[in-house]
Amino acid sequence: MKINRGFLQLNDRYLFSRIARKVQEYRGEHPGQEVLNLGIGDWTLPLGPAVLTAMERAVMELGSAETFRGYGEEQGYAFLRQAVCRYYAAKGVELAESEVFIGDGAKSDMGNILDLFAPESTVLIPDPVYPAYLDTNIMAGRSVKFLAGSRENRFLPLPPADLRADIVYICSPNNPTGSVYSREQLKEWVAWALAQEAIILFDSAYEAYIQDPDLPTSIYQIPGAQQCAIEFCSLSKTAGFTGVRCGYTVVPHGLVRDGISLNELWLRRQTTKFNGVSYITQRGAEAALSERGLQESRASISTYMANARVIAETLRDLGFWFTGGENAPYIWLQCPQGMSSWEFFDLLLHNCGLVGTPGSDFGRCGEGFFRLTAFARREDISRAMERLRSRY
């Protein structure tokens with residue numbers, strides 16, 4: 001038996017395990033000292049009443065022979081796919097129900113979608129960005145190119161004219177930088193992909209945080225995107241489903257390569273390797289996309305964005321350069337005095353009892369930068385910023 005050598009190329013110091021170890025060591029050295037964690041992008045507010053009511057009703061249905069359900073459709077129950085279509089229609093995007101696939105989260109589908117592409121496909125990944133994009137392709141043994149994000153381009157790189165790749169990842173709003181591509185910038189990416197016959201894997205997990213109505217919340221708001229893009233979204237950051245697990249992937253019928261429909265390929269893949277998301281979860285997701293559910297989620301998102309404004313105002317007052325915080329729950333700041341990402345991590349932990357995420361672990365171009373998240377209680381955000389002000 002031979003082991004997949006791709007796994008051996010992965011960094012053995014997984015980012016969040018390393019953070020947890022450092023925090024544990026600090027707490028052991030400083031018993032009783034409060035540590036405020038603004039490093040994890042996890043929803044902290046409870047699920048909305050609309051979601052809870054729907055899930056409770058679904059549980060009761062499974063307790064009756066008349067309403068019991070066994071296996072569901074691998075691509076998702078029709079009621080939820082129709083709800084996703086209505087959600088997109090409100091954005092001005094028309095989708096067919098058969099273009100929507102329900103999964104257990106964007107992370108899973110973005111890894112699994114690679115089953116559709118030949119191993120020799122060349123992958124383009126912006127740097128810095130969510131580590132799972134790189135790791136899943138390393139596991140598959142693919143050739144990876146990087147496109148540099150920087151302070152100069154506000155971490156929104158655009159495709160050079162001579163760029164060649166088969167697959168490109170775009171995350172907007174971006175994790176970790178909080179930057180959001182404009183409509184004109186996404187038009188450049190779509191035009192490039194169409195000319196190259198490349199596929200855009202568009203991660204829109206944070207689209208619900210966009211406050212500026214002029215910014216696109218779906219790649220399909222760009223003409224031509226349905227011929228070159230697959231979109232992934234998650235209810236984790238839209239409605240607090242980080243522990244419930246539900247998301248969706250859109251594969252348009254117009255997306256065809258080598259005479260083959262990628263929609264049909266993804267359907268074949270899902271019906272072979274996936275048995276679907278639970279009925280209870282999908283009823284909760286349907287409720288999350290209802291008018292009442294969206295109102296409840298938007299109230300929670302407003303809380304997180306208010307937190308982001310508090311962080312942004314503090315950093316602005318202290319003279320830090322940063323992006324994000326206006327249309328995303330992440331704030332990406334440049335470390336002061338030329339410090340490395342991990343040096344700044346240690347300084348904040350030991351001098352402020354404050355935890356964030358070192359930018360270097362999101363890619364080479366993340367070195368010297370640092371991510372803070374607004375996913376926390378308001379009182380924790382306020383105390384964390386008071387400690388930062390006292391240090392600077």
Side-chain angles (χ1 to χ4, degrees), residues 5-19 21-22 39-41 107 110-111 114 121-181 185 189 192 198 200-203 205-206 320-324 328 330-349 355-373:
R5 308 295 293 182
F7 279 91
L8 304 182
Q9 299 179 43
L10 298 178
N11 188 336
D12 61 359
R13 295 183 300 177
Y14 181 60
L15 170 62
F16 294 110
S17 296
R18 186 179 178 187
I19 290 174
R21 185 172 64 252
K22 280 180 167 283
I40 303 297
K107 184 177 184 178
M110 293 197 79
L114 297 177
S121 300
T122 298
V123 179
L124 177 66
I125 299 177
D127 178 359
V129 81
Y130 186 46
Y133 304 163
L134 175 60
D135 291 352
T136 51
N137 280 286
I138 289 176
M139 291 175 190
R142 284 191 173 84
S143 173
V144 177
K145 298 179 180 180
F146 297 95
L147 190 59
S150 65
R151 175 170 171 170
E152 289 67 35
N153 61 26
R154 297 194 67 83
F155 294 93
L156 294 170
L158 294 170
D162 60 348
L163 180 65
R164 298 290 183 271
D166 301 305
I167 303 165
V168 59
Y169 288 82
I170 296 178
C171 180
S172 182
N174 183 272
N175 176 16
T177 69
S179 296
V180 185
Y181 278 106
Q185 289 171 322
W189 273 113
W192 172 85
I200 295 173
L201 302 182
F202 190 80
D203 184 350
Y206 298 95
F320 282 84
W321 183 92
F322 67 93
T323 63
Y330 296 125
I331 295 88
W332 179 253
L333 63 97
Q334 187 165 22
C335 301
Q337 302 170 337
M339 299 178 72
S340 74
S341 299
W342 279 102
E343 286 174 341
F344 190 57
F345 175 92
D346 289 334
L347 183 147
L348 288 186
L349 178 60
V355 175
T357 309
S360 57
D361 282 66
F362 291 102
R364 180 182 58 82
C365 295
E367 179 56 87
F369 292 87
F370 202 79
R371 188 190 77 173
L372 295 175
T373 170

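All values below come from the heavy atoms of this structure, side chains included, with hydrogens, waters and symmetry mates left out.
- Residues satisfying the salt bridge (charged side-chain N to carboxylate O under 4.0 Å, His left out) test with K22, not counting sequence neighbours, are D346.
- Two residues are said to be in side-chain contact when any heavy atoms from C-beta on lie closer than 4.5 Å; N174 and Y330 fail this criterion.
- Nearest heavy atom pair, residue P176 against residue V129, reads CD-CA, 3.7 Å.
- Put simply, OH on Y181 and CZ on R154 are 13.0 Å apart, with the number rounded to the nearest 0.5 Å.
- We find the OG1-NZ distance between T136 and K107 to be 10.0 Å, quoted to the nearest 0.5 Å.
- A heavy-atom distance below 4.5 Å is not found between the side chains of V355 and L348.
- Note: F369 and F362 fail the aromatic proximity criterion, with ring centroids not under 6.0 Å apart.
- Partners of S179 by side-chain contact (heavy atoms from CB on, under 4.5 Å), not counting sequence neighbours, listed by chain and number: F155, L156, T177, T323.
- Partners of F322 under the ring-ring contact (aromatic ring centres under 6.0 Å, His included) rule, at least two apart in sequence or in another chain, do not exist in this structure.
- None of T122, L134, V123, D166 except one satisfies the side-chain contact (heavy atoms from CB on, under 4.5 Å) rule with R142; the exception is V123.
- S360 meets the side-chain contact (heavy atoms from CB on, under 4.5 Å) test with S341, W342, P358, E367; sequence neighbours excluded.
- Annotation: side-chain contact (heavy atoms from CB on, under 4.5 Å) contacts of P126 (sequence neighbours excluded): P157, Y169.
- Between L201 and I167, some side-chain heavy-atom pair lies under the 4.5 Å cut-off.
- If you take CG on L147 and SG on C365, they are separated by 9.0 Å, rounding to the nearest 0.5 Å.
- Note that the CD1 atom of I138 and the OG atom of S143 stand 11.0 Å from one another [nearest 0.5 Å].
- Although no hydrogens or angles enter the test, the distance criterion places a donor-acceptor pair under 3.5 Å between the side chain of T357 and the main chain of G39.
- Closest of all the heavy-atom pairs between L124 and A165 is CB-CB, 3.8 Å.
- Here the shortest heavy-atom pairing between Q185 and V180 reads OE1-O, 4.2 Å.
- Taking all atoms of both residues into account, the shortest heavy-atom contact from K145 to R164 is NZ-O, 2.7 Å.
- Considering only residues two or more places apart in sequence or on other chains, P159 meets the side-chain contact (heavy atoms from CB on, under 4.5 Å) condition with L163, W189, W192.
- Side-chain contact between P128 and W332 is present, with heavy atoms from C-beta onward closer than 4.5 Å.
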### Task
Step by step, work out the side chain to side chain contact (heavy atoms under 4.5 Å, CB included) result for R151 and W321.
CA-CA 9 Å; R151 175 170 171 170; W321 183 92; 3.2 Å; yes
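- At least one donor-acceptor pair closer than 3.5 Å links the side chain of N153 to the backbone N or O of A148.
- With rounding to the nearest 0.5 angstrom, the CZ atom of F320 is 13.0 Å from the CD1 atom of I331.
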